[in-house]
Every structure is written in C-alpha cells, then in structure tokens.
Amino acid sequence: MGKMKVAIIGSGNIGTDLMIKLLRQGRNVEIAAMVGVDPESDGLARARRLGVATTHEGLDGLRAMPEYRDIALVFDATSAGAHLRHAEQLKADGKRAVDLTPAAIGPYAVPAVNLDEHIDAGNLNMVTCGGQATIPIVAAVSRVAPVRYAEIVASIASKSAGPGTRANIDEFTETTSRAIETVGRAAKGKAIIVLNPAEPPLMMRDTVYCLTEGGDETAIRSSIQTMVAAVAGYVPGYRLKQDVQFEKLDAAACAAILRQPTAAAGLKVSVFLEVEGAGHYLPAYAGNLDIMTSAALAAAERIAELAHCKEVA
C-alpha cells in the first residue's frame with residue numbers, strides 16, 4: 001500500500017503551512033491537491049511551484065479534478081461556516097475530513113489525549129489552537145485528580161490571527177470551553193483568547209488554571225511533564241515556560257471560583273506554556289497556527305497508519 005492521498009481546502013496561512021509539513025514530513029500521507037478560492041493566493045502559487053495540483057474553484061473544483069478519485073482524506077482549513085457546507089459533500093463522496101475550523105461537526109480530537117478513541121470517525125475536529133495547547137494539560141491533571149473547574153487563556157500575536165481566526169472568535173471560545181470538559185474531563189471549562197498587538201510579535205503563550213479536589217502535587221506535576229513531552233513529540237516548540245505552580249485554597253475561595261454558595265477546599269494548579277512555531281511557512285511566533293497544523297498532520301498520520309495495518313491484516 002502506498003501513502004494515503006490527501007487534499008487541503010484553504011490556501012491561507014494554515015493550509016499552506018500544512019502543505020509544507022506534508023511535503024517535508026509526511027510518512028504515511030501524501031498531498032495530492034491544494035484548494036483555494038483566490039487564484040492569486042500565495043498558497044496556490046507556492047503549491048504549483050512545488051508540483052502540487054491546484055484549483056481556485058473551491059470544493060467544486062476539487063471534485064472535478066482527476067486526483068479527487070484517489071483522495072481518501074481532506075483537511076479543511078477554511079472557516080467554521082464553510083466547513084458546515086464542505087462536510088456534507090465530503091461525507092456524501094465517502095471522503096474523511098480533518099477539520100481545522102471550530103465547526104465541531106465531528107468529535108474533538110487532541111492527538112496526545114484521545115485520538116485513538118475517535119480514529120474511525122468520518123470527520124475529526126481539531127478543536128482550536130488554544131485547545132490543542134491547553135486541553136492536554138487539563139487532561140493530565142484530571143487523570144490524577146478530579147478537576148472541578150479549568151480555565152485557559154490563549155495569548156497569540158495579533159499578526160498571526162488572520163481573517164479566519166478573527167471571524168471565528170465566538171466559535172473559538174465556545175468550542176474550546178466544551179472540549180475542556182469533554183476531552184480534558186473538567187467538570188466546568190472556560191476559554192479566553194487574547195490577540196496581543198505587541199511589536200515585535202510575541203510567541204503564543206497559554207495559561208491553564210485547574211481547580212482540583214485535592215490531589216498529590218508530585219503526581220500532578222509528573223503527569224503534566226509526561227503530557228508536555230507527548231505533545232512535544234509532534235509539536236517540537238511546545239514547552240513549559242516555568243515550573244507548575246500550586247496553591248491550596250480554602251472553602252470560601254473555591255466557592256467564589258465555582259460561583260457556588262459553598263464548596264469544599266481544593267488545590268489550584270497553574271501551568272504556563274509557550275508554543276514556538278517550526279518556521280516552515282509561518283514565522284516562529286505563530287505557534288498558534290503551527291500547533292494546529294502539527295496536530296492535524298499527527299492525526300492524519302495515525303489514520304493512515306491504522307488503515308495500512310488493517311489492509312495488511
């Protein structure tokens with residue numbers, strides 16, 4: 001069996017960076033087509049220079065290409081609204097989708113946490129950049145101590161937030177909050193995104209706060225460090241910015257955080273992360289985009305690997 005053929009819809013920053021990753025790092029997957037809607041886009045021009053078949057007529061154009069017959073999986077790097085339309089057609093055509101928008105039609109997938117649980121899904125949602133960076137930490141805490149509340153703050157350079165990101169701010173917060181609960185297994189989740197206009201642009205920074213029902217600090221720290229190493233396996237620029245912080249809170253403080261009349265005392269866990277981009281197409285400060293494309297590639301590689309195993313068997 002050869003490599004799994006894939007296509008990318010969306011020739012903007014995310015789609016173009018993903019294309020270059022596929023060309024440079026694809027082990028089990030091979031890009032067969034790059035799709036956009038702007039014939040003058042840099043992404044399509046770069047794809048043509050690199051020998052990748054292209055169309056500027058969107059999904060309809062892709063479906064008319066001879067390459068479409070052999071494509072098994074399509075990455076959607078457009079917008080939440082556009083993916084709602086694309087998903088229906090791709091499903092009808094028998095094509096699997098890896099969704100890099102916050103549309104959340106399919107199950108949430110975070111490679112280091114729950115990818116194999118949903119590996120057979122026809123549509124995988126990669127949550128959001130903030131979700132990919134922070135949900136592994138929430139999951140790392142929750143696997144050793146019950147998490148009553150988790151809050152994440154994703155701070156990204158304003159220059160790395162393109163039209164798609166800006167158009168999906170509401171979807172970002174809603175999708176990430178839900179995924180903190182469903183994937184991270186926090187009883188309640190909240191997500192905040194900050195577009196930082198600083199010059200020169202700052203790298204992506206993420207802060208994760210977890211309120212736990214007690215728990216052993218050594219076990220929590222060890223679980224987080226193990227998870228950071230797992231994510232760094234497919235996002236090399238992912239790292240802890242400083243040591244994990246712990247603070248014991250009394251019942252009144254926990255009740256205030258949970259907005260409840262009463263609550264048991266607990267432990268506040270604070271984790272500070274930095275995500276540096278690989279610099280394949282985007283600048284190093286655009287770690288928010290790099291973590292999305294890296295996670296999407298990791299998901300596709302796993303899908304292709306398991307498909308190959310099934311065929312051999």
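Positions are given from 1, in the same order as the sequence printed here. Worth saying up front: this structure is predicted, and the values here are computed from it rather than measured.
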Candidates Thr78, Leu100, Thr101 - the one meeting side chain to side chain contact (heavy atoms under 4.5 Å, CB included) with Ile14: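 Result for side chain to side chain contact (heavy atoms under 4.5 Å, CB included) with Ile14: Leu100.
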Which of these passes side chain to side chain contact (heavy atoms under 4.5 Å, CB included) with Ser155: Leu195, Ile192, Asn196?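 Of all the options given, the one that passes is Asn196.
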Short side-chain donor-acceptor distance under 3.5 Å, [Y] and [X]:
{"X": "Asn28", "Y": "Glu301", "answer": "yes"}
{"X": "Arg166", "Y": "Ser158", "answer": "yes"}
{"X": "Tyr108", "Y": "Arg178", "answer": "yes"}
{"X": "Asp99", "Y": "His86", "answer": "no"}

[X]-[Y] co-clustered via ILVMFWY side chain contacts under 4.5 Å:
{"X": "Phe272", "Y": "Val231", "value": "no"}
{"X": "Tyr234", "Y": "Val183", "value": "yes"}
{"X": "Phe75", "Y": "Leu50", "value": "yes"}
{"X": "Val194", "Y": "Ile152", "value": "no"}
{"X": "Val208", "Y": "Ile193", "value": "yes"}

Is the shortest side-chain heavy-atom distance between [X] and [Y] below 4.5 Å?
{"X": "Val275", "Y": "Val235", "result": "yes"}
{"X": "Ser270", "Y": "Glu247", "result": "no"}
{"X": "Leu18", "Y": "Tyr281", "result": "no"}
{"X": "Ile257", "Y": "Leu249", "result": "yes"}
{"X": "Arg46", "Y": "Thr16", "result": "yes"}
{"X": "Gln25", "Y": "His280", "result": "yes"}
{"X": "Val271", "Y": "Thr207", "result": "no"}
{"X": "Ile303", "Y": "Met4", "result": "yes"}

Shortest non-hydrogen contact from [X] toward [Y]:
{"X": "Ala53", "Y": "Ala32", "value": "CB-O, 3.6 Å"}
{"X": "Ser11", "Y": "Met34", "value": "CA-CE, 3.6 Å"}
{"X": "Ala296", "Y": "Val98", "value": "CB-CG1, 4.1 Å"}
{"X": "Met227", "Y": "Ala140", "value": "CB-CB, 3.7 Å"}
{"X": "Thr54", "Y": "Ala47", "value": "CG2-CB, 3.6 Å"}
{"X": "Pro201", "Y": "Ala157", "value": "CB-CB, 3.8 Å"}

Examine distances only and state if a side-chain atom of [X] and a backbone atom of [Y] form a donor-acceptor pair shorter than 3.5 Å.
{"X": "Lys3", "Y": "Gly26", "result": "yes"}
{"X": "Arg96", "Y": "Ala121", "result": "yes"}
{"X": "Ser177", "Y": "Ala191", "result": "yes"}
{"X": "Ser79", "Y": "Ala82", "result": "yes"}
{"X": "Gln245", "Y": "Asp243", "result": "yes"}
{"X": "Thr175", "Y": "Glu171", "result": "yes"}
{"X": "Glu181", "Y": "Lys188", "result": "no"}

Asp206: partners by side-chain hydrogen bond (donor to acceptor under 3.5 Å, both in side chains), with sequence neighbours left out: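 Asp206: no side-chain hydrogen bond (donor to acceptor under 3.5 Å, both in side chains) contacts found.
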Quick one: list whatever passes salt bridge (charged side-chain N to carboxylate O under 4.0 Å, His left out) with [X], sequence neighbours left out.
{"X": "Asp60", "result": "none"}
{"X": "Glu117", "result": "Arg185"}
{"X": "Glu274", "result": "Arg205, Arg239, Lys241"}
{"X": "Asp116", "result": "Arg302"}

List the steps and the verdict of side-chain hydrogen bond (donor to acceptor under 3.5 Å, both in side chains) for His83 and Asn125. CA-CA 11 Å; His83 184 67; Asn125 180 259; over 6 Å; no
Rounded to the nearest 0.5 Å, what separates atom [atom1] in [X] from atom [atom2] in [Y]?
{"X": "Leu124", "Y": "Leu73", "atom1": "CG", "atom2": "CG", "value": "8.0 Å"}
{"X": "Glu305", "Y": "Ile119", "atom1": "CD", "atom2": "CD1", "value": "9.0 Å"}
{"X": "Leu273", "Y": "Gln242", "atom1": "CG", "atom2": "CD", "value": "10.0 Å"}
{"X": "Phe246", "Y": "Lys268", "atom1": "CZ", "atom2": "NZ", "value": "13.0 Å"}
{"X": "Ile220", "Y": "Gln225", "atom1": "CD1", "atom2": "CD", "value": "12.0 Å"}
{"X": "Leu211", "Y": "Glu213", "atom1": "CG", "atom2": "CD", "value": "8.5 Å"}

[X]: which residues meet the side-chain contact (heavy atoms from CB on, under 4.5 Å) condition with it, sequence neighbours left out?
{"X": "Ala256", "value": "none"}
{"X": "Ala265", "value": "none"}
{"X": "Glu88", "value": "none"}
{"X": "Leu84", "value": "Ala103, Ile105"}

Go through Glu57 and Val37 one step at a time and tell me if the side-chain contact (heavy atoms from CB on, under 4.5 Å) criterion holds. CA-CA 5 Å; Glu57 297 179 338; Val37 293; over 6 Å; no
Residues Lys21, Asp290: salt bridge by 4.0 Å N-O rule: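 Salt bridge flag = yes for Asp290 with Lys21.
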Can you pull out every side chain to side chain donor-acceptor pair (under 3.5 Å) where at least one residue sits in residues 126-152? Sequence neighbours excluded, please.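 Matches after skipping sequence neighbours: Thr128-Thr176, Arg143-Ser223, Tyr149-Glu151.
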Among Ile, Leu, Val, Met, Phe, Trp and Tyr joined by side-chain contacts under 4.5 Å, find the other residues sharing a cluster with Tyr68 and list them by chain and number.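 Answer for Tyr68: Ile9, Val35, Leu59, Leu62, Met65, Ile71, Val74, Leu90.
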Which other residues end up in the same hydrophobic cluster as Met203, if Ile, Leu, Val, Met, Phe, Trp and Tyr are linked when side-chain heavy atoms come under 4.5 Å apart?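 The other cluster members (ILVMFWY side chains, heavy atoms under 4.5 Å, direct or chained) are Tyr285.
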Count the heavy atoms belonging to other residues, nucleotides or ligands that lie under 6.0 Å from CZ of Arg69, then report whether that count exceeds 12.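 Counting other residues, nucleotides and ligands, CZ of Arg69 stays at 12 neighbours or fewer.
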